[in-house]
Amino acid sequence: MTLKGMGPLHGTPLSAPYGPLSSIDKRRLAARKAGTTFCYDFLSIFEEALKQIWAVAEAKGTHTAPPAPHLTYKELIFADPNVAWDAKLQETGRPAGLNSIAMVGWRLTLRTPEFPDGRTVYIVANDVTRGAGAFGLHEDMLFHAITLEAIKHKAPLLYLAANSGARIGIAEEVKRCLHAAWLDEKNPERGFHYLYLTPEDYARVRSSVVAHEVVMEPSGERRWVLTDIIGAEEGLGVENLSGSGAIASVFSRAFHETFTLTFVTGRTVGIGAYLARLGSRVIQRQDQPIILTGFSALNKLLGRDVYTSHMQLGGPKVMAVNGVVHNTVANDLDGVLAILRWLSYVPAAVNRPLPIVAKPLDPPSRKVEYNPTTSCDPRAAVAGIQSGSRFLRGMFDEGSFMEMLDGWAKTVVVGRARLGGIPVGVIAVETQTVFQNIPADPGQPDSHERVLPQAGQVWYPDSAAKTAQALLDLRLEGLPLFILANWRGFSGGQRDLFEGVLQAGSLIVEHLRTYDQPVFVYIPKKGELRGGAWVVVDHRINPHMVEMYAEDSARGAVLEPEGVVEIKFRRRELIEAMHRLDPEIIDLDKALRAAKQLQAQGNDNGSVTVTEGLIAQREKALLPVYTQIAVRFAELHDTPRRMAAKGAIRDIVTWENSRAYFYSRLCRKVAEDGLARQFMLNVEGLGKIDAIAAVKRWYLEEQRVKRGESEALRTSEAIDEGDWLDDKQFVAWVQGTRRNADGFRRRVLGLRGERLAHALTRERDAGSIADGLAQAVASVLQSLPPSARKDAAAKLSQVLGQQ
């Protein structure tokens with residue numbers, strides 16, 4: 001890695017002798033021997049990475065870097081040295097390296113271009129210089145507590161993984177005084193009966209063992225035969241596994257409740273590997289493995305030397321192509337830069353506003369410069385492509401696309417990007433044939449490497465699973481989503497069904513149904529969406545969030561036109577069309593009828609046979625072109641105008657104007673969603689659909705007031721609908737509501753009242769309603785301070801007096 005600035009030996013004479021290594025330097029050396037960076041030094045790497053990010057932002061002219069430092073932090077430790085699962089955390093400013101366990105954690109404030117005033121991030125890291133970074137009970141407890149803290153504040157949680165799995169221990173105090181009862185004292189190689197302790201040793205370690213006394217005959221020697229070893233120290237065996245279960249559970253919960261990301265900076269084993277997968281988002285260093293069991297242990301299990309390294313089991317050639325790892329990096333600085341770039345798309349906390357770049361360099365109103373002519377290249381469509389000396393920009397902001405999972409399921413492309421400075425998730429479709437490489441397993445002598453071709457525009461089991469995984473990740477990151485839908489369908493062969501294409505396709509529906517951010521499904525230029533592929537992304541799966549669009553050249557239907565012709569325009573019907581349309585065949589048909597009349601009158605001169613032969617010859621000649629006519633006829637059923645006429649899509653969007661169009665629509669949906677979320681945060685139990693309905697009601701009421709209408713003089717529903725569909729007007733109104741705190745507060749109070757009224761009126765008995773209302777009012781009055789309580793009671797009396 002390359003670090004800028006002066007090093008610690010700057011200005012030291014070359015002749016000066018090296019001093020002895022400090023305790024910190026010794027631990028840095030130990031970490032380096034383990035192939036990673038000393039955990040406390042990651043704070044310096046984060047600071048360096050932030051400097052580089054700010055330098056780039058200043059060079060572009062988008063931001064001015066705030067004064068250093070760009071990072072502040074406090075280490076998190078337990079407040080009580082008597083550690084327990086429910087122990088409280090406290091912040092400390094102690095020097096680096098004073099940790100006594102193999103786990104450390106911090107609360108960081110990062111000042112980034114997206115959050116110049118700072119954003120909070122939690123980090124938990126293994127310390128490989130303490131017991132090889134193994135997970136013991138104390139490590140599990142600290143990991144558990146920091147994860148709960150991140151969940152509590154809904155802030156991102158980063159895990160820097162470099163460990164050896166769950167800790168393995170033995171009772172050293174028993175080990176030092178252990179004896180064996182030999183079968184033959186003179187020939188110990190023959191084996192032993194049992195293990196035991198002398199009475200003196202037993203008296204010293206009796207709390208660590210379970211044993212019973214045996215008296216030897218005829219010597220009278222007393223022995224304490226061991227049946228169980230408990231151990232005086234915590235964290236020797238199964239309790240570590242129990243702790244691993246606890247942190248696996250809480251990290252899985254964190255994935256669903258906040259943002260989690262694991263950076264595999266060193267070898268990660270067992271529970272460390274499970275944590276990486278449970279947190280879902282993983283960045284892996286190219287020289288560090290993710291494994292469940294070491295290769296030497298597997299070789300012993302197999303009885304022969306099969307595997308030669310940990311990298312063979314869980315290096316990037318395995319984990320980056322099976323969907324576990326999202327991104328690979330060469331070193332720790334690159335890893336931290338990748339972390340910070342990923343965080344740049346993510347809100348500061350769950351349900352907080354998106355990190356929108358206020359003045360993007362790439363204007364939202366520009367045209368899409370990449371123009372597909374035969375098929376739509378997904379990366380060019382999203383990020384642009386170099387064409388000769390000119391760069392043709394794509395649909396999203398130049399340089400903003402961060403592709404993820406690029407080594408896995410290559411028929412689908414997923415990642416994060418920006419549109420007019422607004423962060424979004426992107427799912428696109430590869431149109432070219434790709435190859436899936438399945439490595440040979442040395443543990444199975446009959447296995448061999450397989451290279452399987454996968455056609456573009458088709459969902460296979462792995463690419464369908466990748467799509468479902470991306471939907472889940474992006475939903476939990478709180479990002480709006482663009483799907484550039486260009487699928488011909490699912491691959492439904494026997495092997496595909498066996499490998500779970502049906503299950504993965506069903507997960508796409510489930511994750512799209514629960515997606516709670518705006519989703520734009522767009523069939524791009526030269527794209528098509530057919531059959532089951534349309535079904536799993538249709539807007540009716542989630543009508544409040546999903547909108548579908550198509551480019552003018554796009555196509556969509558149940559089957560491709562050729563398939564429709566095979567079923568609905570068969571050869572017999574093609575021939576009927578020839579006899580109806582072709583003048584030559586029409587004349588031949590007339591001649592055939594005349595010949596048949598003559599034949600019926602007994603004047604058979606063979607003209608019937610000749611004419612029938614001419615008709616058959618003409619049919620054969622015309623069949624190819626009439627097949628083309630049938631295909632064209634079927635294709636005319638697949639056009640965007642028919643899709644729009646049937647309500648299958650919301651609008652037809654030309655490719656070159658798609659960027660500006662979707663930017664305008666995205667601003668509208670982000671503004672609508674943001675205001676709805678504010679209602680949800682302030683009104684307990686309010687769902688997303690009800691919150692959007694409340695936004696619509698408020699907006700339309702204010703538009704009517706603006707037009708000078710009262711409720712009694714309302715003009716029409718059509719005018720209301722026109723106001724609601726005016727994106728520019730709506731965005732301006734939302735910006736105005738941010739300055740109208742009193743209006744928002746009144747709306748919140750009104751929604752709370754509506755929910756209380758709804759809850760009370762669910763009771764059918766009038767007496768029960770009255771009792772519930774009285775209890776609710778009494779509870780509210782008791783929660784107020786005396787001065788406010790009197791004022792509230794007076795207002796309540798005034799309301800009751802008006803009834």
Note, Val424 side chain near Leu354 side chain (heavy atom, < 4.5 Å): no
Do Lys154 and Asn351 have side-chain N/O donor and acceptor atoms under 3.5 Å apart? no
Go through the structure and list residues passing salt bridge (Lys or Arg N to Asp or Glu O under 4.0 Å) with Lys526, not counting sequence neighbours. none
Report yes if some heavy atom in the side chain of Tyr159 is under 4.5 Å from a heavy atom in the side chain of Ile123; otherwise report no. no
Ionic contact status for Arg659 with Asp397, cut-off 4.0 Å: yes
Arg668 to Trp724, cation-pi by 6.0 Å centre distance and 45° axis angle: yes
Taking side-chain hydrogen bond (donor to acceptor under 3.5 Å, both in side chains) as the test, write out the residues that go with Ser553, two or more places apart. Glu551
Determine the sole option in Lys60, Lys367, Arg393 for which the salt bridge (charged side-chain N to carboxylate O under 4.0 Å, His left out) test with Asp362 is passed. Arg393
Value rounded to 0.5 Å, distance of CD1 in Ile541 from CD in Glu510: 10.5 Å
For Arg475, check salt bridge (Lys or Arg N to Asp or Glu O under 4.0 Å) against everything at least two apart and list the hits. none
What residue pairs, at least two apart or across chains, pass salt bridge (Lys or Arg N to Asp or Glu O under 4.0 Å) with a residue in residues 414-428? Arg416-Glu477
Would you check if Phe251 and Thr260 make a side-chain contact, meaning some heavy-atom pair closer than 4.5 Å? yes
Going by atom types only, do Asp473 and His326 share a side-chain donor-acceptor pair under 3.5 Å? yes
Is the number of heavy atoms from other residues, nucleotides or ligands under 6.0 Å of Ile689 CD1 greater than 12? no
Could you tell me whether Asp117 and Arg111 have a side-chain N and a carboxylate O separated by less than 4.0 Å? no
Distance only, no hydrogens: is a donor on one side chain within 3.5 Å (strictly under) of an acceptor on the other, for Tyr699 and Gln729? yes
Any chance you could measure Leu158, atom CG, to Leu343, atom CG, to the nearest 0.5 Å? 5.5 Å
Decide yes or no for Phe662 and Leu419: does some side-chain heavy atom of the first lie under 4.5 Å from some side-chain heavy atom of the second? yes
Establish, from distance only, whether the side-chain atoms of Glu702 and Trp698 form a donor-acceptor pair under 3.5 Å. yes
Salt bridge (charged side-chain N to carboxylate O under 4.0 Å, His left out) with Asp638: of Arg555, Lys646, Arg530, only one passes, and it is Arg530
Side chain proximity check, Ile53 to Leu340, heavy atoms < 4.5 angstrom: yes
Under 6.0 Å from the ring centre and within 45 degrees of the ring axis: does the NZ or CZ of Arg650 meet both conditions for the six-membered ring of Tyr549? no
Among residues at least two apart in sequence or on other chains, which ones pass salt bridge (Lys or Arg N to Asp or Glu O under 4.0 Å) with Arg352? none
Tell me whether Arg107 is salt-bridged to Glu149, with the criterion being a basic N under 4.0 Å from an acidic carboxylate O. yes
Is the shortest distance from a Lys or Arg side-chain nitrogen in Glu114 or Arg119 to a carboxylate oxygen in the other one below 4.0 Å? no
Any non-hydrogen side-chain atom of Glu547 less than 4.5 Å from a side-chain atom of Asp651? no
Would you check if Leu507 and His511 make a side-chain contact, meaning some heavy-atom pair closer than 4.5 Å? yes
So, Gln517 and Tyr515: side-chain donor and acceptor under 3.5 Å apart, yes or no? no
Phe730 side, atom CZ; Glu672 side, atom CD - distance, nearest 0.5 Å: 5.0 Å
Interatomic distance, SG@Cys376 vs CE@Met395, rounded to 0.5 Å, equals 10.0 Å
For Asn486 and Gln457, which I'm curious about, is there any donor-acceptor pair between the side chains at under 3.5 Å? yes
With a 3.5 Å cut-off and no angle check, do the side chains of Ser463 and Glu430 form a donor-acceptor pair? no
Give a yes or no on whether a salt bridge exists between Arg704 and Asp723, defined as a side-chain N under 4.0 angstrom from a carboxylate O. no
Could you go through Phe401 and Phe396, starting from their C-alpha distance and side-chain angles, then the distance that decides it, and tell me whether this counts as ring-ring contact (aromatic ring centres under 6.0 Å, His included)? CA-CA 8 Å; Phe401 182 54; Phe396 298 92; 7.9 Å; no
Could you tell me whether Glu701 and Arg747 make a salt bridge, using a distance below 4.0 angstrom between a side-chain N and a carboxylate O? yes
Tell me, please, which residues at least two apart from Trp655 pass ring pair (Phe, Tyr, Trp, His ring centres under 6.0 Å). none
Could Arg697 and Asp690 be called an ion pair, given the rule that one side-chain N must be under 4.0 Å from one carboxylate O? no
